[in-house]
There are 2 protein chains.
Amino acid sequence: MKKITLEDIAKSLGVSKTLVSLILNNKAKEHGISPDTVDRVLKKVKEMNYMPNQAARGLRTGKTNLIGLIVADISNPFYARISRAIEDLAWKKDYHLMVCSSDEDPEKEAQLVRILREKMQVEGLIISPTTDNVEVFRDLKKIEFPFVLIDRNYPKFSCNSVVVDNIRSSQSAVKHLIDSGAKRVALLTLSPAHISTLSERQEGYKLALKEAGIPFEEDLVREVPFSDIKNSVKKTLQDWLKAKQPIDAVFCANNHLAVAVLETISDLGLRIPYDLRMVSFDDVDVFKFSYPPVSAVAQPIEDIGTRAMEILFNNINDRASRESAEHVVLPAELVIRRSSSSL
Amino acid sequence: MKKITLEDIAKSLGVSKTLVSLILNNKAKEHGISPDTVDRVLKKVKEMNYMPNQAARGLRTGKTNLIGLIVADISNPFYARISRAIEDLAWKKDYHLMVCSSDEDPEKEAQLVRILREKMQVEGLIISPTTDNVEVFRDLKKIEFPFVLIDRNYPKFSCNSVVVDNIRSSQSAVKHLIDSGAKRVALLTLSPAHISTLSERQEGYKLALKEAGIPFEEDLVREVPFSDIKNSVKKTLQDWLKAKQPIDAVFCANNHLAVAVLETISDLGLRIPYDLRMVSFDDVDVFKFSYPPVSAVAQPIEDIGTRAMEILFNNINDRASRESAEHVVLPAELVIRRSSSSL
DNA sequence: AAAGTTTACTAAACTATTTTAGGTGCTTCA
DNA sequence: TGAAGCACCTAAAATAGTTTAGTAAACTTT
């Protein structure tokens, strides 16, 4: 079962490789190839079930029709859904997707960027960047390599990015808690707070307090370490609840934190929303069926992928577009469920 | 920012491309290249940050270091987790993964197989096959192309496969429902029941009934269409519950069905497990925090990916191994939660 | 009827790597 | 002193496409 090549097609018709190649690349007209020949060649190609070898084509043209996607962990449903949206768009344009997980490790991320670009020769990258890797992206930008950051970006560095409006949607989530009667709203967030999403959500929290005329209290914000969410959340929550002035609501900066809150509250024999109201960022399936159902900020996940892909394609096809940077900020929607009801 | 090639390295050292290539491919010893030269070359390679072009290498050697993964939908957390396990193993061996979603469409699947094989020149495939595409895999087997089916396989066709013990674990799930007091256990499954997993789960259901001496009733098995799970489940459940002899337990053949049951029961104002006990196949996050927590058969997801990858690598590296077929059947674990408690 | 134009096609170069089949110059030994 | 052996290295082919720079033959024009 030898692989069929251009040459096989050409030989079996007694024509040159050039001819077949030109026809397959839709350059028949512009090279004055007779419609008759075009038909003959196309028929043969179909008959022999020929498919061009991407490696050979890529080698000659530099076009691999590959794009790379780097996320923290593809088994995280949030990224899995983004990946799917990107895959669909890519395949529509005959591009193929290579997905890699960085595990939030800047070094692994940098290595992945290099491997995808230099070894696999991807034509563009979509990346949900880790904490601290601006240099890598500065380099990419400098050599005008097409890429788009999603979900997170760097405050002091401008490049293509598609993110959600973390500030405003967090603000409205916290406002909603206050409106539903909460007097002391705490914020649970994660400790590498220089990830843009997290600091922005914190900012939204502060804005909502300010707007409501509630003074900000340092003690009501806690950054728990990524590595030990469960225990840290438990301890934090216990502290907050047995304080002189116990909290009556908590805003969780991501879904993992919210799940930990659910677990803790159930462990402590308390009830949401009666003993504590809560809203989470990131609407995952769990929240719809949890007890009680959890209010959450739902990100337009598929849109993130789609918009990123559009920008990337534009960058790939239009050199000039690489000089500027496109910043897309998508709105997120607050889905209200029982965890934040006004009792 | 021109790409650095072998030739650049060679020229900058005044040696031949051959030399550099041999050294980089660890063939220095066998070609009697002096250790001195090896050092000089390796140093330069590092200094110039050189990385071989995979397209050129693949073209010459036929080795692309690519493997393809075809699943129904990568945004499904089950497949996302498998994909992650595969990715990790692949990268460890310097292989790269190309993930595609078939949307359960046999034609799309066949096309993906072709594109991945002929165009992308992947060295092997891991596939969670759709309903009815045996011919595609028969062809692959015939030309001894390395591939492994996961999650599902075809009853009358033998090829590498890694699946879970659907029959036995379904049987024990249903047995558990009966043991906990259920008298009339129904089965909710999906309509293309010739997907091996589904028919096996149905078989397990029947075995459990038989074992308990409960006669099988056609009416207590319903295959709902994939396209309209929500409504169909609702209607079916209502039928079952208002029958002369209402059911008191249901075994769901997958997590989507179970989620639909949760929704319906909540819509109807009923309570699990008091009005209806349930167990699902496929343990997803939702079930841990749902109200009530749902008992489920947990598949060893990462193992599936890992084992498949091991078999695939073996096939890729050892031609002889392609003649036989390896069948791996992994055990699944029943996780008991409140949805099936004995009241 | 020579020159120019058009039509329909092709030979060969090129891409970056691996691999085959040597080649060079030194030492060793008869 | 000339052949053999050895240690080290290289030229060129090969891979499967695309692209450049044509060419041959037929047809048109003057």
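Quick note on labels: first sequence line is chain A, next is B, and so on, each numbered from 1. As the structure is a computational prediction, the values presented were derived from the model and not from experiment.
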Q: Please determine if a side-chain N or O atom of B:N25 lies less than 4.0 Å away from the OP1 or OP2 oxygen of C:dT18.
A: yes
**Q.** Within 6.0 angstrom of B:E107 CD, more than 12 heavy atoms from elsewhere
**A.** no
Q. How long is the line joining CE of B:M120 and P of D:dA16, in whole Å?
A. 17 Å
Q. A:N53 has an atom CG; how far is it from atom C1' of C:dT17, in whole Å?
A. 14 Å
**Q.** Rounded distance in Å - CG (B:D36) to C1' (D:dC9)
**A.** 14 Å
Q.
OP1 or OP2 of D:dT18 versus the side-chain N and O atoms of A:S21: is any pair under 4.0 Å?
A. yes
**Q.** Member of B:I127, B:I301, B:T197, B:V163 meeting the side chain to side chain contact (heavy atoms under 4.5 Å, CB included) criterion with B:D151
**A.** B:T197
**Q.** With sequence neighbours excluded, residues passing ring-ring contact (aromatic ring centres under 6.0 Å, His included) with B:Y154
**A.** B:F137
Q: Let me know the distance between CZ of B:R57 and P of C:dT18, rounded to the nearest Å.
A: 5 Å
Q. Which residues pass the side chain to side chain contact (heavy atoms under 4.5 Å, CB included) test with A:S21, sequence neighbours left out?
A. A:L6, A:N25
**Q.** Between P of C:dT17 and CD of B:E7, the distance in whole Å
**A.** 9 Å
**Q.** Electrostatic pair B:K3-A:E118, nearest N-O below 4.0 angstrom
**A.** no
Q. Does the side chain of A:R57 come under 3.5 Å of the side chain of A:N65 through a donor N or O and an acceptor N or O?
A. no
(Q) Output the rounded distance in Å from CG (B:L24) to C1' (C:dT19). (A) 15 Å
(Q) Nearest whole Å is fine: how far is C:dT18 C1' from B:K63 NZ? (A) 14 Å
Q) By side chain to side chain donor-acceptor pair (under 3.5 Å), which residues pair with B:E104, not counting sequence neighbours? A) B:R152
Q | Protein-to-nucleotide contact annotation, 5' to 3' order, nucleotides 6-14 of chain C [B base; S sugar-phosphate only; - none; under 4.0 Å, heavy atom] | A | --BBBBBBB
Q. Can you tell me if B:D103 and B:S101 form a side-chain donor-acceptor pair at under 3.5 Å?
A. no
Q) B:K119 near the nucleic acid: base, sugar-phosphate alone, or nothing, with a heavy-atom cut-off under 4.0 Å? A) nothing
Q: Hey, could you give me each pair passing ring pair (Phe, Tyr, Trp, His ring centres under 6.0 Å) that has a residue in residues 47-94 of chain B? Not counting sequence neighbours.
A: B:W91-B:H96
Q) Expressed in angstrom and rounded to an integer, what is the separation of A:I4 atom CD1 from D:dG17 atom C1'? A) 15 Å
(Q) Using five pairs at each end of the helix from C:dA1-D:dT30 to C:dA30-D:dT1 to define an axis, what is the angle between those two axes, to 10°? (A) 80°
